[in-house]
Colleague: 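Take a look at this one; I'll ask things after.
Below, each value reflects all heavy atoms present in this structure, side chains not excepted, and no hydrogens, waters or symmetry copies. The sequence lines fix the lettering, A, B, ..., with proteins before strands; numbering per chain opens at 1. Computed from a predicted model, the values in this text were never measured in an experiment.
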2 protein chains.
Amino acid sequence: MQGRRKFRREGEERRRQDLIEATLDCVAERGLQGATVRAIALRAGVTAGLIRHYFPGKEELLQAAYATIMGRMTEQAKTALATVAQDPRQRLSAFVEASLLPPVIDARVFSQWASFIGRASSDPALAAAHRAGYLGFRDEVEALVAEVLVAAGRTAAKPELRRYAIAINAIIDGLWIEGCLAGDFFETRELAEIGIGSVEEMLGLRLREPVCSAKE
Amino acid sequence: MQGRRKFRREGEERRRQDLIEATLDCVAERGLQGATVRAIALRAGVTAGLIRHYFPGKEELLQAAYATIMGRMTEQAKTALATVAQDPRQRLSAFVEASLLPPVIDARVFSQWASFIGRASSDPALAAAHRAGYLGFRDEVEALVAEVLVAAGRTAAKPELRRYAIAINAIIDGLWIEGCLAGDFFETRELAEIGIGSVEEMLGLRLREPVCSAKE
DNA sequence: AGAATATTTATACACTTGCATAACAACGCC
DNA sequence: GGCGTTGTTATGCAAGTGTATAAATATTCT
């Protein structure tokens with residue numbers, strides 16, 4: 001008998017994160033079914049038993065993984081907002097654009113999202129987490145639209161604002177899905193252009209400044 | 001020992017359909033993980049072994065189930081087209097509307113869709129099935145838009161048509177998801193109204209005939 | 001009615017699953 | 001350097017998984 005495997009003790013938070021990342025890898029590649037404790041442990045370079053040392057059970061690990069990707073997605077969206085500071089139109093435009101280009105458009109992330117959301121209907125905890133994330137996103141859109149309308153000198157009644165937010169949120173979601181599922185059908189910036197163009201048509205005003213004739 | 005269970009022989013196609021339906025029930029309620037041969041058989045009022053008499057394996061049953069819901073969804077949308085016959089604008093309007101009301105908007109169907117789509121990334125058979133369904137849907141939209149534009153006396157260049165189809169498909173998908181996941185946030189016809197309104201704004205023409213002032 | 005057929009049940013099997021436990025080894029402390 | 005603490009491995013287990021097979025029964029045909 002050769003002795004047992006050598007190992008290193010990682011920091012607690014580091015190991016936790018590694019396990020979550022390994023879980024997301026498994027979910028992305030083989031769906032929730034493929035995310036068994038043994039597969040996760042193997043990918044994390046660890047033995048299966050260790051999972052129960054960091055999480056009460058597999059269930060909790062999955063929830064932590066879901067919370068992680070939700071947080072990551074909203075974080076990316078907010079990052080897109082932080083970049084361009086001044087003009088509301090440019091801000092909305094940048095927001096839409098960022099949502100429809102990598103790394104937000106990503107088959108891997110979509111696969112994870114779909115796997116978890118498929119179980120959200122049966123799992124109240126997942127459902128609540130999703131609902132919160134969705135409303136946060138829509139509120140973000142609504143605030144942006146309000147800025148834009150005010151800057152354009154248009155009145156922004158509440159029901160109208162809500163309507164805009166729902167519609168714009170929908171088209172971003174829809175294009176996001178199309179891009180993630182069949183990215184090879186579209187040119188690099190095609191979805192982003194369509195997204196921004198559609199929002200312009202919905203709001204009835206241009207978001208991008210009219211460029212000089214030379215460009216594109 | 002009491003004798004074995006009594007049973008009835010159902011027609012072949014009937015049994016197949018029952019098994020598929022039972023599979024969809026399990027998927028909707030407990031996700032793909034919950035769709036075990038035993039759970040499916042129990043729900044179908046049958047013993048587990050029978051599944052292998054109608055399908056080569058569990059894998060094929062799942063594929064058949066997915067094909068079923070995909071077909072059902074596009075079929076429902078096409079039904080809406082069959083009813084309204086004449087005016088292209090009314091046809092497009094009815095199509096969008098039907099896609100954003102029950103029974104197409106349905107939390108159960110969405111749960112099934114998400115569960116399957118989550119595995120589509122890893123399963124080539126599911127991926128192919130999805131891609132075919134998606135392209136079929138988009139072609140339908142594109143044809144509808146072409147009719148509308150022609151009827152409105154506008155030129156319908158191919159890239160423009162494609163752009164419209166992608167955008168309209170996206171907003172239908174996005175609103176569909178919102179409605180399925182959080183139907184209680186919206187008034188009964190709210191999503192349908194938003195969908196039709198958005199399409200009108202994108203195309204730059206009205207789909208519904210201008211109603212007399214009394215209505216609504 | 002009785003035999004032939006193939007649907008359906010029942011049982012078994014090899015394998016995987018999540019989880020429990022005990023042995024072990026890496027690290028901090030004196 | 002020896003020693004306790006605890007992160008980590010190894011092993012085992014009961015329940016659940018898909019599948020294979022034979023026995024039993026419902027249905028059809030004559």
Colleague: Rounded to the nearest angstrom, tell me the gap between atom CZ in A:R14 and atom P in D:dT8.
Modeller: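 Rounded to whole Å, this separation is 11 Å.
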Colleague: Give me the one residue out of B:R15, B:R14, B:R16 that meets side-chain hydrogen bond (donor to acceptor under 3.5 Å, both in side chains) with B:D18.
Modeller: B:R14
Colleague: Ion pair present between B:E97 and B:R189, side-chain N to carboxylate O less than 4.0 angstrom?
Modeller: yes
Colleague: D:dT17 P sits how many Å from A:R38 CZ, rounded?
Modeller: 15 Å
Colleague: Quick check: on DNA chain C, is the nucleotide nearest A:A35 upstream (toward 5') of the one nearest A:K6, or the reverse? Name the residue that is more 5'.
Modeller: A:A35
Colleague: Run the salt-bridge test on A:D173 and A:R138 with the 4.0 Å N-O cut-off and return the result as yes or no.
Modeller: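 Salt bridge flag = no for A:R138 with A:D173.
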Colleague: Specify the separation, in whole Å, of atom CZ of A:R16 and atom C1' of D:dG7.
Modeller: 13 Å
Colleague: Applying a 4.0 Å non-hydrogen cut-off, can you work out what B:E10 is touching in the nucleic acid: base, sugar-phosphate, or nothing?
Modeller: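 Sugar-phosphate, no base atom in range.
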Colleague: Hey, is A:R163 close enough to B:E193 for a salt bridge, meaning N to O under 4.0 Å?
Modeller: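 Here A:R163 does not pair with B:E193 in a salt bridge, since their nearest N and O are not under 4.0 Å apart.
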Colleague: Does B:V37 or B:R8 map to a spot on DNA chain D nearer the 5' end, using the closest nucleotide for each?
Modeller: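 Counting from the 5' end, the first nearest nucleotide belongs to B:V37.
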Colleague: Between atom CZ in A:R30 and atom P in C:dT16, what is the gap in whole Å?
Modeller: 13 Å
Colleague: Would you call B:D106 and B:R72 a salt bridge, taking side-chain N to carboxylate O under 4.0 Å as the test?
Modeller: no
Colleague: Phosphate oxygens OP1/OP2 of D:dG7: is one of them under 4.0 Å from a side-chain N or O of A:Y54?
Modeller: no
Colleague: Hey, which of these two, B:R9 or A:R15, hits DNA chain D nearer its 5' end, going by closest nucleotide?
Modeller: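 Per heavy-atom nearest nucleotide, the more 5' residue is A:R15.
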Colleague: Please work out if A:T47 contacts a base, only the sugar-phosphate, or nothing of the nucleic acid, heavy-atom cut-off 4.0 Å.
Modeller: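 Base, at least one base atom sits under 4.0 Å.
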Colleague: Starting from P on D:dA26, measure out to CZ on B:F7 and report it in whole angstrom.
Modeller: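 That distance rounds to 6 Å.
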Colleague: What is the distance, to the nearest angstrom, from the CD atom on A:E12 to the C1' atom on D:dG7?
Modeller: 10 Å
Colleague: Starting from P on D:dT19, measure out to CZ on B:F55 and report it in whole angstrom.
Modeller: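 Rounded to the whole Å, the gap is 13 Å.
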Colleague: What is the distance from CG of A:L50 to C1' of C:dA22, rounded to the nearest Å?
Modeller: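 Nearest whole value for this atom pair: 16 Å.
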Colleague: Which listed nucleotide (C:dC19, D:dA24, C:dT7) is nearest to the side chain of B:H53?
Modeller: C:dT7
